[in-house]
Amino acid sequence: MVIGEQELELNTLIGKQITLQYSGHIDCQHCGRKTKKSYAQGFCFPCMQKLAQCDMCIMKPEKCHFEQGTCREPEWGERHCMIPHYVYLANTSGLKVGITRHTQIPTRWIDQGASQALPIFKVSTRLQSGLVEVALAEFIADKTNWRTMLKGNAEPLDLKALAQALKPKIAEKLASVRLKYGTDAVTELDEEVIDLHFPVTQYLSKISSFNFDKTPEVSGILVGIKGQYLIFETGVINLRKFTSYHVSLHVA
């Protein structure tokens with residue numbers, strides 16, 4: 001966990017009483033200005049409106065409009081979107097499909113709380129990865145049920161067998177992507193399944209979530225860390241949601 005300029009290893013705090021205290025102060029993670037409300041996980045309203053990383057195509061890559069010449073920040077788009085991406089299967093709260101930049105493996109899977117992951121296609125751009133993801137999402141989920149994910153590890157899946165069963169179902173749409181963007185736009189992969197393990201000593205049977213905007217102090221015994229969440233005996237908190245909040249941490 002990054003607090004100011006310090007990095008704190010939270011694994012060492014599992015089993016201890018910790019308190020997170022929100023000061024009521026939020027700084028935009030891009031321009032640094034004070035903001036009363038955080039937009040798009042850590043930005044002020046003006047930055048949320050003008051930055052490419054806050055555009056709708058970040059959440060829906062198939063909506064990428066870079067090639068239309070309307071990207072908010074073309075240079076940012078060149079660095080982050082017009083580069084290789086991977087389409088993957090993951091086991092989070094069950095089977096799902098997702099995409100990530102090549103630089104975010106395995107960070108993206110850890111961030112989602114996936115217990116298994118398997119890259120199945122390499123694509124040339126973010127837009128193309130979105131088109132492949134949408135095709136697969138007709139047959140499997142493209143979102144994680146975070147409450148289910150936090151109640152325990154999903155049952156192990158044979159991701160390689162599932163991938164082989166899914167690929168023929170999207171063959172026609174893959175052919176359309178290759179026809180439009182070139183035969184090298186989508187490359188089928190034969191990778192090994194990655195297993196991930198999280199430091200959780202106790203899962204909760206009932207999930208309640210803490211919110212700094214409603215309760216500025218979160219305190220309790222830390223029993224685990226999974227994905228973006230700290231798990232306490234009495235509830236969970238999504239730290240990603242509160243990016244740019246000024247928070248202090250105390251250990252009893």
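Residues: numbered from 1 along the sequence shown. Since the structure is predicted, the reported quantities are computational estimates derived from the model, not experimental observations.
Ring planes of H30 and F43: tilted class, angle from 30 to 60°. Taking the six-membered ring where tryptophan is involved, the planes of F242 and F212 are perpendicular, since the angle between them exceeds 60° and thus also 30°.
Side chain of S244 to backbone of G42: a donor-acceptor contact under 3.5 angstrom is found. Checking side-chain atoms of T144 against main-chain N and O of W146 turns up no donor-acceptor pair under 3.5 Å. Put simply, the side chain of T35 never gets that close to the backbone of S38: no donor and acceptor are under 3.5 Å apart. Between the side chain of R147 and the backbone N or O of I207 there is at least one donor-acceptor pair closer than 3.5 Å. Checking side-chain atoms of Q29 against main-chain N and O of Q41 turns up a donor-acceptor pair under 3.5 Å.
Between the side chains of D195 and H197, not a single donor N or O lies within less than 3.5 Å of an accepting N or O. Judged purely by distance below 3.5 Å, without hydrogens or angles, the side chains of D213 and Y245 pair a donor atom with an acceptor atom.
Residue pairs meeting the ring pair (Phe, Tyr, Trp, His ring centres under 6.0 Å) criterion with at least one partner in residues 56-83, sequence neighbours excluded, are W76-H80. Within the structure, salt bridge (Lys or Arg N to Asp or Glu O under 4.0 Å) contacts touching residues 46-73 (residues at least two apart or in different chains) are D55-R72. For residues 97-107, there are no salt bridge (Lys or Arg N to Asp or Glu O under 4.0 Å) pairs, not counting sequence neighbours. Among pairs with a residue in residues 215-227, those fulfilling side-chain hydrogen bond (donor to acceptor under 3.5 Å, both in side chains) read Q17-S219, T19-S219, N153-K226, at least two apart in sequence or across chains.
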task = Let me see the working for I140 and L89 under side-chain contact (heavy atoms from CB on, under 4.5 Å), right down to the final yes or no.
result = CA-CA 10 Å; I140 61 175; L89 299 181; 3.6 Å; yes

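The existence of a salt bridge linking K169 and E138 is excluded, since no basic side-chain nitrogen approaches an acidic carboxylate oxygen closer than 4.0 Å.
Listed by chain and residue number, nothing satisfies the salt bridge (charged side-chain N to carboxylate O under 4.0 Å, His left out) test with E75 (two or more places apart in sequence, or in another chain). When the side chain to side chain contact (heavy atoms under 4.5 Å, CB included) test is applied to L10, the partners found at least two apart in sequence or on another chain are M1, L8, L13, I225, L230, L249. A search for salt bridge (charged side-chain N to carboxylate O under 4.0 Å, His left out) contacts involving E188 returns K167, not counting sequence neighbours. For Q228, the side chain to side chain contact (heavy atoms under 4.5 Å, CB included) test picks out D111, N238, R240, with sequence neighbours left out. Among residues two or more places apart in sequence or in another chain, the side chain to side chain donor-acceptor pair (under 3.5 Å) test is passed with Y39 by none. In this view, P84 and H102, K122 satisfy the side chain to side chain contact (heavy atoms under 4.5 Å, CB included) rule, not counting sequence neighbours. In this view, N11 satisfies the side chain to side chain donor-acceptor pair (under 3.5 Å) rule with no residue, not counting sequence neighbours. Listed by chain and number, the residues in a side chain to side chain contact (heavy atoms under 4.5 Å, CB included) with L174 are F121, V132, I170, R178, V186 (sequence neighbours excluded).
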